[in-house]
2 protein chains.
Amino acid sequence: MEERVTIRELARRSGVSVGTVSRALNGYADVRPETRERIMRLASELDYTPAAAARSLVTQRSHVIGVFMETGEGHPDLQHPFFHEVLGGLKQRVGREGFDLLLFASERPGGGYGPHSYLKRARHHSVDGCALIGLDPDDSEVRRLVRGEIPCVAIDMQLEGPNTEVVMSDNEAGAAEAVRHLHGLGHRRIATITGMIDSRPGVDRLRGYRNAIQELGLAYRDEYVRYGDFYAESAREATEKLLALPEPPTAIFAAADLMAIGAVRAAAEAGLSVPADLSVVGFDDIQLAPHVNPPLTTLRQDKLGLGAAAGDALVARIAGDPERPQLRTLPVELVVRGSTAAP
Amino acid sequence: MEERVTIRELARRSGVSVGTVSRALNGYADVRPETRERIMRLASELDYTPAAAARSLVTQRSHVIGVFMETGEGHPDLQHPFFHEVLGGLKQRVGREGFDLLLFASERPGGGYGPHSYLKRARHHSVDGCALIGLDPDDSEVRRLVRGEIPCVAIDMQLEGPNTEVVMSDNEAGAAEAVRHLHGLGHRRIATITGMIDSRPGVDRLRGYRNAIQELGLAYRDEYVRYGDFYAESAREATEKLLALPEPPTAIFAAADLMAIGAVRAAAEAGLSVPADLSVVGFDDIQLAPHVNPPLTTLRQDKLGLGAAAGDALVARIAGDPERPQLRTLPVELVVRGSTAAP
DNA sequence: ACGGTTTCCGAAACCGTTTTTGGAGAGATG
DNA sequence: CATCTCTCCAAAAACGGTTTCGGAAACCGT
């Protein structure tokens, strides 16, 4: 039978008290070098592994960051490639600092009583901080969570709380740059397909579009803005409508690469070729963007950077840094590939 | 100051002992209904949240599943869309059973001493089980982990251990079906671009290709098999070579959708059109497969199903079920779209 | 009225750590 | 030699739960 080797066992074998073992292992000053040496050697011989539960029980810190990211059927956000890359960035960043990520999945946490709530689940596991990715900011659970005492960072969602911070790309500037790029190419009839307009990125990108249109002295036409949901299918339908217009656009700014891809597809189905007959620019620069046909001109979000920034925010707030901004926005970069050309 | 409400507080306020509170909350039999009622009401009024650490310390069960999934620079596996969807399936399945997912990220777990090792990290957090996704099965750390006492499930990797189970798609059958489909369309010169041949899916798909070629009475030609790495770029190069052959293939089976997309791109760059001049079939059916141009004919892996099967394995083994298969393979399904046609 | 069951609950041990407190011994100081 | 300061460590009290054990009261049949 494999008996777990505890700190007590270490103490017994090395002839000191458990307190001393703990101090030796944790690098406290007041333990004689040779004693420490002996203990550490023994620990590695026996492959001693401290129990996180015991430690966090007393220190009240778990070195774990909770992650809320819905995988629901309705909005399969966990399936949006964008969020995964952000998650990867977060993982890397907080990993360096010794944190692990707890991806909340359980429906009745703690194996039993009481309904689940975000706050409760976070408290139950004593996470040191929480990352909220692509959630509905109006959800009452979410609001309760950020109103609590746990440091939170929200990615791509508008949220306020005493100890929470928001990280997102500069969506407005990016959208504006997209239409300027199109305009520079010579396009004058530029349409857009928005993301969900109840999300912050959705409205910001729309605003960027609108501002740029006006700054460039183009007429803002209602029929040129169509509402999508960040996924391909919605853009395909939207593009159909757009192309059926009496005066169809020569260029489309889609507020997500997935939607840009949907738009390209709709164009192909309408017998149009991209970019010869229609220019399309996306947003995100997902992994596949350079590989689709034609390669997508898009605005690159620094996905790893977003995750890393979220990690930064979390570790800083966990460390007790009070001087934190409420919002951190990262620049996006236009990368032009093959889906845009002069009209 | 927000004092955490503990079970002792509950006991004090409701005038019973802590043991009774515990039993009441956990649904044990020997507590009078009205007492239980009173306690539970109080608990929900005070929003009592049990501490997972304390509980798992004594029960030796954490209700947490550890997930190892590398985000390294070298092989950015966390970036392969396939794995995310699998993760989603796993999350859903184990979530129903009350488990959460711990995504290992920390580089020096426990905040300090000793080098990290998979086994050590798993033990440190007392995870009830581990999921290994897309790792190198020859890694010595991985082998140590599966030799241990913790139930493990490996997804898409060949691995053996006393308490570990493997879940993967029926790659061989899928590959065979791909070439039969191509053959049925009239193709006779069918090439393949493999995945990494040090991975089980890589070799299985190659074997499936080879077997089908022979069963159909086609000549097996060495120059028709090119080695890729599951990502787009490698397939693009491989396709260039293939098309430069004196007798170029009329169809390509790419062992991954990302590679199929790379192949399509290479064809376009060579002035060929898919599927008119070249048929391409992929593998995976990633989310984007129906949306690229042309829509990809591919073999659908049941990604959610793989995750769910992994979850099944884990919960069963955690519950102590000894009657478990060592390997579980899931069927794949040919879905024909626009990237294949008669030659 | 009495032994035997049941039902309900309190007391206490325990899980594996950290951290505080204090004290023994050694060396320095007066 | 007495005292004072170090240095190093032991003991014990937490942290917040679960679970075992046993006892008091209530209920039962005779």
Side-chain angles (χ1 to χ4, degrees), chain A residues 3-40 43 46-64 109-114 120 123-126 128, chain B residues 2-40 43 46-63 109-114 120 123-126 128:
Chain A
E3 283 309 324
R4 182 185 180 82
V5 26
T6 77
I7 204 175
R8 237 172 282 275
E9 174 76 3
L10 246 45
R12 201 178 55 72
R13 294 225 202 184
S14 58
V16 298
S17 77
V18 301
T20 303
V21 175
S22 176
R23 269 168 296 147
L25 260 23
N26 288 318
Y28 278 65
D30 54 350
V31 43
R32 189 153 31 131
E34 51 194 84
T35 309
R36 176 197 308 279
E37 177 54 33
R38 184 161 38 98
I39 294 176
M40 298 201 56
L46 298 185
D47 195 35
Y48 166 68
T49 308
R55 181 197 299 244
S56 82
L57 188 54
V58 38
T59 61
Q60 304 288 25
R61 310 205 45 211
S62 60
H63 275 271
V64 166
Y113 34 89
K120 210 154 184 161
R123 286 198 179 140
H124 178 229
H125 280 101
S126 317
D128 293 341
Chain B
E2 304 244 1
E3 282 310 323
R4 183 184 181 86
V5 27
T6 77
I7 202 175
R8 245 168 272 273
E9 173 75 4
L10 245 46
R12 200 177 58 72
R13 295 224 202 185
S14 59
V16 299
S17 76
V18 300
T20 303
V21 176
S22 176
R23 270 169 314 200
L25 259 22
N26 288 316
Y28 279 64
D30 54 349
V31 44
R32 187 155 31 129
E34 52 193 82
T35 309
R36 175 194 309 280
E37 177 56 32
R38 182 160 40 96
I39 293 177
M40 297 200 58
L46 298 185
D47 194 35
Y48 166 68
T49 308
R55 180 196 301 239
S56 81
L57 189 54
V58 38
T59 61
Q60 305 287 22
R61 308 203 48 210
S62 60
H63 275 273
Y113 36 88
K120 209 155 186 161
R123 286 201 179 138
H124 178 229
H125 281 101
S126 317
D128 292 342

### Task
Return the value, rounded to whole Å, for the distance between atom CZ of A:Arg8 and atom P of C:dC15.
7 Å

### Task
Measure from CZ on B:Arg23 to P on C:dA11 and round the result to the nearest Å.
12 Å

### Query
Does B:Arg38 reach the main-chain N or O of B:Ser14 with its side chain, forming a donor-acceptor pair under 3.5 Å?
yes

### Message
Within the supplied structure, the quantity of interest is the number of heavy atoms (other residues, nucleotides, ligands) at a distance under 6.0 Å from B:Arg36 CZ; does it exceed 12?
### Response
yes

### Message
Rounded to whole Å, how long is the line connecting atom CD of B:Gln60 with atom P of D:dT18?
### Response
14 Å

#### Entry: A:Arg38 CZ to D:dC9 P, straight-line distance once rounded to whole Å
8 Å

### Task
Using a 4.0 Å heavy-atom cut-off across all strands, classify A:Ser126 as base, sugar-phosphate, or nothing.
nothing

### Query
Nearest to the side chain of B:Val31, which nucleotide is it out of C:dC9, D:dT18, C:dG16?
C:dC9

### Query
If we call it a pair only when both distances are under 3.5 Å in a Watson-Crick or G-U wobble match, what pairs with D:dC1?
C:dG30

### Task
Nearest-nucleotide wise, let me know which of B:Ser17 and A:Tyr28 is further upstream toward the 5' end of DNA chain C.
B:Ser17

### Query
Nearest of D:dT19, D:dG17, C:dT18 to any side-chain atom of A:Val18?
C:dT18

### Query
From the list D:dT18, C:dT18, D:dG16, which nucleotide is the closest neighbour of the side chain of A:Val58?
C:dT18

### Task
For A:Leu57 and C:dC15, give me the distance from atom CG to atom P, rounded to whole Å.
14 Å

### Query
So, do B:Asn26 and B:Arg55 sit near enough that their side-chain heavy atoms are less than 4.5 Å apart?
yes

### Query
Partner of D:dT30 by Watson-Crick or G-U wobble geometry, both contacts under 3.5 Å, or none?
C:dA1

### Message
With rounding to the nearest 0.5 angstrom, report the OG to NE2 distance, B:Ser56 to A:His125.
### Response
8.5 Å

### Message
Under 4.0 Å from OP1 or OP2 of D:dT18: is there any side-chain N or O of B:Ser22 that close?
### Response
yes

### Query
Starting at the 5' end of DNA chain C, which residue's closest nucleotide do you reach first, A:Asp30 or B:Thr20?
B:Thr20

### Task
Using whole Å, report how far CG of B:Leu25 lies from P of D:dG16.
16 Å

### Message
Can you tell me which nucleotide in C:dT17, C:dG10, D:dG17 comes closest to the side chain of B:Tyr48?
### Response
D:dG17

### Query
Under 4.0 angstrom, heavy atoms only, what part of the nucleic acid is B:Thr35 near: base, sugar-phosphate, or nothing?
sugar-phosphate

### Message
Please check this pair: side chain of A:Arg4 against backbone of A:Thr49, looking for a donor-acceptor N/O pair closer than 3.5 Å.
### Response
yes

### Query
Given atom CD1 of B:Ile39 and atom P of D:dG17, what is their separation to the nearest angstrom?
14 Å

#### Entry: Between P of D:dC8 and CD of A:Glu37, the distance in whole Å
15 Å

### Query
Between B:Arg32 and C:dC9, is there a side-chain N or O to OP1/OP2 distance below 4.0 Å?
yes

